[in-house]
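Let me begin by presenting the structure, written as structure tokens, before commenting on it.
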Amino acid sequence: MPRPIVIALLLSIPLTTRAECQRGRGSGLPPGWPAFSQALDDFARQDSVVGAGTVYVSDGRVLAHHEYGWADGARRERTEERTIYHWASITKTLTAIAIMQLRDRGKLSLNDKVVDYIPELRQVHDTFGSVDAITIRMLLSHSAGFQNPTWPYKQGRAWEPFEPTRWEQLVSMMPYQEILFRPGSRFGYSNPAFIYLGRIIEQLTGDPYEGYIQKNIWTPLGLTWSYFGATPYHLARWRSNNYTVQRDSSGRLLVHVNGRDFDPGITIPNSGWNAPLTDLASYLGFLTGAAHGDTALANRFDTVLKRSSLEEMWRAVVPTGSQDDIPGAVGLSFFLHHEGDVLLVGHTGDQAGFRSFFYFRPDTKAAVITVLNTTDEASPDTAEAGWSRIKRAAMSLLAP
């Protein structure tokens, strides 16, 4: 998404209209849902968000959904259930499930040394010992010590790529990187770690990462609107644009239109998933095991990953940490939050103007999924505080 070609829109242009696109289904909807959806609207207005959506899922069924604003303001296309968003780091959960599939099939061990699959990593400086000590389990739990960003050289130049596009670019950076802490000793969020996991998947299966996920996760789960990379022609109508709020030299707030599609490059295993909320709801049905007594569906769930392996992913590997401002333990890619005695499992995403999260409660099979198509860079502290309140409000819906 090169900045020189974006279009600037003054905030005074009515990018949003009233946020009344909500329907509830069934009696299982928590009483706090209207207040939560109103809080999301209030935050969106205050933070100049162009479009947003959220759903409440119970036992694999969408009981309520709520849309705010525009999927594309210039085209006057409202957000709706089928609007396709970019889910950024929520993609990491797909990568982790793929690794667990290969583990269960005897193709790898979580204690395998990563350098056995990616010997190039021996070029990374490790003052704590040998890079050979880093395991697949450490990559999955963000405890290997690798850096957070994939592409740390952004200066805002027009010629800079959004993300590196070739494996060789990552390899060429390795001699100029270092392990930041003793592997396995603590949490340290890392995007490259999941690119390395994607590389392992490709080596063991012979499939491109995208093809493996399509064949082994999306197709058996029926996620027919999910894709990586450029939007397929037949889905282009529903693709959300994405926006960045900034200030110009005079202090005016502007909404920059970044364009519907962009190239995530080599980062697809950590942040490439595009899909509507409906596909994410189906995915949460799988994660919570909501088969409704349907034997065929339950068998498909087990074919993707057996229940015991999913639950293994929700056990703490690193006791403290999280990828954002809400503290929690770290499992195998999933983040674990305790509200009293209640366990909530979740993940967030943040890339290219899109921001998202899901949290679910394994014991009740309830979940909340929320996404924005706008990032506020003009008032980042205020925006982050508001977004944190929305996340905490979602948790309170699940564990009142």
Side-chain angles (χ1 to χ4, degrees), residues 1-16 43-45 47-53 67-80 82-91 149-165 191 227-233 235-249 252-268 270-277 348-357 370-380 383-384 386-387:
M1 292 191 306
R3 291 293 183 192
I5 64 172
V6 299
I7 302 171
L9 295 177
L10 287 173
L11 280 175
S12 58
I13 295 176
L15 289 172
T16 58
F43 166 71
R45 278 191 293 270
D47 206 46
S48 306
V49 170
V50 177
E67 283 79 42
Y68 173 92
W70 304 100
D72 193 305
R75 299 187 185 189
R76 314 303 283 181
E77 294 173 355
R78 295 297 306 270
T79 55
E80 57 174 283
R82 294 177 294 180
T83 297
I84 294 171
Y85 300 95
H86 179 69
W87 293 92
S89 288
I90 286 174
T91 311
T150 305
W151 189 249
Y153 309 113
K154 294 182 178 180
Q155 300 296 322
R157 303 287 191 268
W159 47 263
E160 287 181 326
F162 176 63
E163 293 284 3
T165 57
N191 286 294
Y227 63 91
F228 295 116
T231 304
Y233 178 78
L235 297 179
R237 152 69 181 83
W238 290 278
R239 172 69 176 193
S240 175
N241 215 319
N242 68 95
Y243 303 86
T244 306
V245 180
Q246 297 177 329
R247 293 187 186 275
D248 66 11
S249 57
R252 292 181 305 170
L253 288 178
L254 302 175
V255 177
H256 291 268
V257 185
N258 296 321
R260 292 190 173 207
D261 278 332
F262 57 91
D263 184 5
I266 198 70
T267 68
I268 280 177
N270 71 48
S271 59
W273 190 2
N274 305 297
L277 276 159
T348 66
D350 188 346
Q351 187 184 41
F354 293 97
R355 306 194 77 179
S356 58
F357 66 75
T370 304
V371 60
L372 316 174
N373 65 10
T374 309
T375 295
D376 184 356
E377 296 180 356
S379 306
E384 193 60 40
W387 187 228

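Along the sequence shown, residues carry numbers from 1. All values reported here derive from a predicted model rather than from experimental measurement.
Taking each heavy atom of A52 and L372 in turn, the nearest pair found is CB-CD2, 3.6 Å. Here the closest non-hydrogen pair linking V371 and S356 is CG2-CB, 3.9 Å. Nearest approach of S379 to R247, heavy atoms of both residues: OG-NH2, 3.7 Å. In this structure, A383 and D47 approach most closely via the heavy-atom pair CB-OD1, 3.3 Å. Taking every heavy atom of both residues into account, F228 and G272 meet most closely at CD2-O, 3.3 Å.
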Self-check item: Test log, rule side-chain contact (heavy atoms from CB on, under 4.5 Å), inputs F354 and N274
Solution: CA-CA 11 Å; F354 293 97; N274 305 297; over 6 Å; no
Practice problem: Carefully, step by step, assess R45 and Y68 under the rule side-chain contact (heavy atoms from CB on, under 4.5 Å). | Solution: CA-CA 9 Å; R45 278 191 293 270; Y68 173 92; 3.0 Å; yes
Exercise. Evaluate side-chain contact (heavy atoms from CB on, under 4.5 Å) for L254 paired with Q246, printing each intermediate quantity in order.
Key: CA-CA 5 Å; L254 302 175; Q246 297 177 329; 5.5 Å; no
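Scanning for ring-ring contact (aromatic ring centres under 6.0 Å, His included) contacts around Y85 gives an empty result, with sequence neighbours left out. A search for side chain to side chain donor-acceptor pair (under 3.5 Å) contacts involving T231 returns Y227, D261, not counting sequence neighbours. Qualifying salt bridge (Lys or Arg N to Asp or Glu O under 4.0 Å) partners for D350, counting only residues two or more places apart in sequence or in other chains: R355. Partners of R82 by salt bridge (Lys or Arg N to Asp or Glu O under 4.0 Å), not counting sequence neighbours, listed by chain and number: E80. Residues satisfying the ring-ring contact (aromatic ring centres under 6.0 Å, His included) test with F43, not counting sequence neighbours, are none. Applying the side chain to side chain contact (heavy atoms under 4.5 Å, CB included) criterion to N241, with sequence neighbours excluded, gives D72, Y243, V257, R260.
Inter-residue side-chain proximity for W387 and V49 is flagged as unmet; no heavy-atom pair is nearer than 4.5 Å.
W87 places no side-chain N or O within donor-acceptor distance of the main-chain N or O of G349, the cut-off being under 3.5 Å. T165 contributes no side-chain N or O that, together with a main-chain N or O of G265, makes up a donor-acceptor pair within less than 3.5 Å. Not one N or O on the side chain of N242 forms a donor-acceptor pair closer than 3.5 Å with the backbone of T374. Within the 3.5 Å criterion, the main-chain N or O of G69 finds a donor-acceptor partner in the side chain of R78. Judged by distance alone, the side chain of S240 and the main-chain N or O of T83 form no donor-acceptor pair under 3.5 Å.
Atom CD of E377 is separated from atom CG of L253 by 12.5 Å, given to the nearest 0.5 angstrom. For the atom pair T348 OG1 and I90 CD1, the distance stands at 7.0 Å (nearest 0.5 Å).
No side-chain N or O of N191 forms a donor-acceptor pair with one of T267 less than 3.5 Å apart. If you check the side chains of S271 and Q351, you find a donor sitting under 3.5 Å from an acceptor.
Screening V245, D376, T244 against V255 for a side chain to side chain contact (heavy atoms under 4.5 Å, CB included) leaves a single residue, V245.
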